Amino acid sequence: MSVWGVCALALLSQAPAKNPAVPPARAVPASLTAPAQPATPVAPPVRENGWSALTPEQRAALIADKAESPLAERLLGMSEKFLNTPYVLSPLGEGQGVDPDPPFRLDAVDCLTFVEESLALGLARGEPEVPALLERIRYASTPTYEDRNHLMEAQWLPNNIKKGLLVDVTRRYAKADTVSVTKTLTARTWQSKSSMALQLPSERQPVGTFTLDMIPLDKVLEHARGVASGTILVVMREDLPLKATRITHLGFVVQKKKRTYLRHASRGGYNRVVDEDLETFLARNARYDKWRVTGVSLFEARRPPATLASQPAPVQGSADVGSP
């Protein structure tokens, strides 16, 4: 499988790894999300995440506690429990078929599954609701590999916006600095090696032009302090016709100690979920020249309207917007 960025691969394919516990070594370019490497790499110490020490009863009580709190507060609490969780490429699947990885786990994440599981846990009023919520986030309608939201611009973002789970708030924060960008998928896109690795039948290969708001990379820090904690930040690169996505990473904005951080699952020198100073993260992105990073988009999570809570997402039309 062609690898064109570690978390970009996770966002594109989420395909099963041969060994789901330990990702194989790959000859890849420096990760967008990896910190600068020391001259002599040192294996990071093994740390427990906040879920590992909990009994099943404690975990259930934690998920149910303060379930009606503001969603941003819930997301911060649930995502914080993942700090130090090891990065494993594509750790979730359908438990069978093309991707037999487990449909839920708390001991390993990549950048996308970290956000998905944090959303499901934060939205849940109790532990029994978590699997259905995660399924709703990860799939267009049915929990099958072909129906999974593989592509961010064409599937994951628009489907979750239609379901009332997300709202694009990029323009709210960046105002006049916001620019409109597109990602176009064509039949030629699906002939590339990386796109074919998805193993999607032709009738399930999205085509068309998908539009998003973006804050240019050199403008992000001007607006970063105003972005609410718990907001989802997605990283965008330049559009390449043979790449099926231009979104290569995502995480949560966290405001603390008068600084802005990105809480994200990072592979490389971190190899785990961390809170990284956003200025440091963006500076590294600005130096990445093999596939240029162009900016970020911002999304606010919402509790879905009750009428949509148990229904599949509509295929067309505007979304009903949930509550924060």
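Here the structure is a predicted model, which is why all the values come from computation and not from measurement. Start at 1 with the first residue, then count along the sequence.
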>> Nearest 0.5 angstrom please: R267 CZ to C111 SG, how far?
In response: 11.5 Å
> Do Y87 and V274 come close enough that some side-chain heavy atom pair is under 4.5 Å?
Replying inline: no
>> Distance alone, cut at 3.5 Å: any donor-acceptor contact between the side chains of N159 and N149?
In response: yes
>> Let me confirm one number: the CZ-CH2 distance from R237 to W291, rounded to the nearest 0.5 Å.
In response: 5.5 Å
> What is the minimum heavy-atom distance between A67 and R303, and which atoms define it?
Replying inline: O-NH2, 3.0 Å
> For residues T170 and T178, is any side-chain donor paired with an opposing acceptor at under 3.5 Å?
Replying inline: no
>> Under 3.5 Å, is there a donor on one side chain and an acceptor on the other for T260 and Q255?
In response: yes
> Is it the case that more than 12 heavy atoms not belonging to Q96 sit under 6.0 Å from its CD atom?
Replying inline: no
> Heavy-atom distance under 4.5 Å between the side chains of F82 and L106, does that happen here?
Replying inline: yes
> Taking the hydrophobic residues Ile, Leu, Val, Met, Phe, Trp and Tyr, and joining any pair whose side-chain heavy atoms are under 4.5 Å apart, which ones share a cluster with V254?
Replying inline: L76, Y261
> For P206 and A154, which heavy atoms make the closest approach, and how far apart are they?
Replying inline: CB-CB, 4.0 Å
> Short question: side chain of Y145, backbone of P100 - any donor-acceptor pair under 3.5 Å?
Replying inline: no
> After noting the C-alpha distance and the side-chain angles of R172 and E300, does the key distance pass the side chain to side chain contact (heavy atoms under 4.5 Å, CB included) rule?
Replying inline: CA-CA 11 Å; R172 177 199 300 176; E300 183 179 276; 3.1 Å; yes
>> Show, in sequence, the C-alpha distance, side-chain angles and deciding distance for E276 and R284, and conclude whether the side chain to side chain contact (heavy atoms under 4.5 Å, CB included) test is met.
In response: CA-CA 12 Å; E276 181 178 8; R284 185 170 64 256; 2.8 Å; yes
> What heavy-atom pair brings F299 and S297 nearest, and what distance separates the two atoms?
Replying inline: CE1-CB, 3.7 Å
> Nearest 0.5 Å, what's the OG1-CG distance between T182 and L185?
Replying inline: 10.0 Å
> So which residues get pulled into Y139's cluster when ILVMFWY side chains under 4.5 Å apart are joined, directly or through others?
Replying inline: none
> After noting the C-alpha distance and the side-chain angles of H150 and Q155, does the key distance pass the side-chain hydrogen bond (donor to acceptor under 3.5 Å, both in side chains) rule?
Replying inline: CA-CA 7 Å; H150 293 280; Q155 297 173 318; 5.7 Å; no
>> Test side chain to side chain contact (heavy atoms under 4.5 Å, CB included) on L262 and D275; report intermediate values, then the result.
In response: CA-CA 6 Å; L262 182 65; D275 281 350; over 6 Å; no
>> When you compare the side chains of T245 and E153, does any donor N or O come within less than 3.5 Å of an acceptor on the partner?
In response: yes
> Which salt bridge (charged side-chain N to carboxylate O under 4.0 Å, His left out) pairs, counting each pair once, include a residue from residues 57-76, with sequence neighbours left out?
Replying inline: R59-E127
> For N49 and W51, which heavy atoms make the closest approach, and how far apart are they?
Replying inline: OD1-N, 2.9 Å
> So, E146 and R148, do they make that salt bridge, N to O below 4.0 Å?
Replying inline: no
>> Less than 4.5 Å apart, side chain to side chain, heavy atoms only: is that true for L119 and L133?
In response: no
> Shared ILVMFWY cluster between V169 and L221, side chains joined below 4.5 angstrom?
Replying inline: yes
>> Tell me whether E80 contacts the main-chain N or O of G77 through its side chain, where contact means a donor paired with an acceptor under 3.5 Å.
In response: no
>> Between E129 and R136 (salt bridge meaning N to carboxylate O under 4.0 Å), is one present in this structure?
In response: no
> Which is it for L134 and L121 under the side chain to side chain contact (heavy atoms under 4.5 Å, CB included) test, yes or no, and what are the steps along the way?
Replying inline: CA-CA 8 Å; L134 183 59; L121 290 160; over 6 Å; no
> So, for S195 and L242, which heavy atoms are closest and what is the spacing to 0.1 Å?
Replying inline: OG-O, 3.8 Å
> Does N285 reach the main-chain N or O of V293 with its side chain, forming a donor-acceptor pair under 3.5 Å?
Replying inline: no
>> With rounding to the nearest 0.5 angstrom, report the CG to CG distance, L75 to L123.
In response: 6.5 Å
>> Is the shortest side-chain heavy-atom distance between E94 and D101 below 4.5 Å?
In response: no
> Would you say the side chain of F114 lies within less than 4.5 Å of the side chain of L250, judging by non-hydrogen atoms?
Replying inline: no
>> Let me confirm one number: the CG-CZ distance from D147 to R204, rounded to the nearest 0.5 Å.
In response: 4.5 Å
> Are any non-hydrogen side-chain atoms of R246 and V181 less than 4.5 angstrom apart?
Replying inline: yes
>> Looking at every heavy atom in both K163 and P304, which two are closest together, and how far apart are they?
In response: O-CB, 3.7 Å
>> Tell me if the CZ atom of R225 is crowded by more than 12 foreign heavy atoms within 6.0 Å.
In response: yes
> Is the side chain of E117 donor-acceptor paired with the backbone N or O of R105 at a distance under 3.5 Å, no angle test?
Replying inline: yes
>> If I take atom CD from residue Q205 and atom OG1 from residue T186, how far apart are they, to the nearest 0.5 angstrom?
In response: 10.5 Å
> Judged by atom type as modelled, is there a donor-acceptor pair below 3.5 Å linking the side chain of K183 to the main-chain atoms of G208?
Replying inline: no
> Any side-chain heavy-atom pair from K290 and Y288 closer than 4.5 angstrom?
Replying inline: yes
>> Take a 6.0 Å sphere around CD of E279 and say whether it holds more than 12 heavy atoms from other residues, nucleotides or ligands.
In response: no
> Taking atom types as modelled, is there a side-chain donor on D110 or T113 under 3.5 Å from an acceptor on the other?
Replying inline: yes
> Does Y173 offer a backbone N or O that forms a donor-acceptor pair with the side chain of H223 under 3.5 Å?
Replying inline: yes
>> Would you say that V227 contacts L298 through its side chain, given a criterion of any heavy-atom pair below 4.5 Å between the two side chains?
In response: yes
